[in-house]
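One structure is given below, encoded as structure tokens.
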Amino acid sequence: MLILLAFIIVFHITSAALLFISTIDNAWWVGDNFSTDVWRMCTTNTSTCMAITDEFDEYQSIQAVQAAMILSTIFCCVAFLVFILQLFRLKQGERFVLTSVIQLLSCLCVMIAASIYTDRHEELHRSLGYRMEVSKGQYGYSFVLAWIAFAFTLISGVMYLVLRKRK
């Protein structure tokens with residue numbers, strides 16, 4: 001039972017780490033001489049970064065992605081704290097339903113963020129706010145990590161729903 005508990009905790013911490021990295025790191029859309037994410041666009045030649053502001057077309061879509069990723073990360077961290085509390089508060093045989101619901105909300109938020117970015121990426125990268133051509137890029141590893149975090153949070157949310165507290 002202790003090995004299962006350790007696996008669940010490591011899996012949840014891995015999910016949270018993936019969410020933090022994909023939210024913070026600057027690699028949602030990359031090209032030969034630039035990288036961009038939901039916060040800023042950086043050129044690799046001159047090592048300068050420019051914040052994405054309301055002068056960009058489709059800024060509302062970027063804000064929706066930002067909000068959903070932040071909510072997803074917060075929900076994942078809250079779910080971990082609730083899981084730890086439920087370990088000590090639940091009676092034997094009860095399920096971790098509250099933890100599961102919060103983790104599935106995290107899953108929903110990261111899915112919404114990645115889906116919006118997937119759907120709107122062409123419009124997002126044709127904006128005149130960029131001072132260089134960024135439409136010729138490709139998805140970066142932060143975008144891929146966001147989808148992997150979606151799978152991890154979904155699996156852990158279902159795992160918490162099935163899991164029962166034992167001695």
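Remark: Leu108 CG to Leu154 CG distance equals 10.5 Å, nearest 0.5 Å. In this structure, CD1 in Ile9 is found 12.5 Å from OG in Ser156, a value given to the nearest 0.5 Å. Considering CD1 of Ile3 and CD1 of Ile8, their distance stands at 12.0 Å, rounded to 0.5 Å. Atom CD of residue Glu55 and atom CE of residue Met50 lie 7.0 Å apart, to the nearest 0.5 angstrom.
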For a side chain to side chain donor-acceptor pair (under 3.5 Å) check, start with the C-alpha distance between Asn33 and Thr44, then their side-chain angles and the critical distance, and finish with the verdict.
CA-CA 5 Å; Asn33 56 354; Thr44 53; 5.7 Å; no
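Heavy atoms only, all atoms of each residue included: Ser115 and Trp147 are closest at OG-CH2, 3.6 Å.
Note on residues 46-89: pairs passing disulfide bond (SG atoms under 2.5 Å apart), not counting sequence neighbours, are Cys42-Cys49.
For the residue pair Thr153 and Ser106, no side-chain donor N or O sits within less than 3.5 Å of a side-chain acceptor on the partner.
The aromatic ring centres of Trp28 and Tyr117 sit less than 6.0 Å apart. Not less than 6.0 angstrom separates the ring centroid of Phe143 from the ring centroid of His121.
Linking ILVMFWY residues whenever their side-chain heavy atoms come closer than 4.5 Å, directly or via other members, leaves Phe20 and Met69 in distinct clusters. By the criterion of side-chain heavy atoms lying less than 4.5 angstrom apart, applied directly or through intervening Ile, Leu, Val, Met, Phe, Trp or Tyr residues, Leu98 is not grouped with Leu85; the two fall into different hydrophobic clusters. Note on Leu81: it does not cluster hydrophobically with Phe83, by side-chain heavy-atom contacts below 4.5 Å among ILVMFWY residues. Neither Ile24 nor Ile62 shares a network with the other; the hydrophobic side chains, linked directly or stepwise wherever heavy atoms of I, L, V, M, F, W or Y lie under 4.5 Å apart, form separate groups for each.
A distance-only check finds a donor-acceptor pair linking the side chain of Arg95 to the backbone of Val162 [under 3.5 Å].
The side chain to side chain contact (heavy atoms under 4.5 Å, CB included) with Trp39 is formed by just one residue from the set Thr23, Ile52, Val65, Asp25; it is Thr23.
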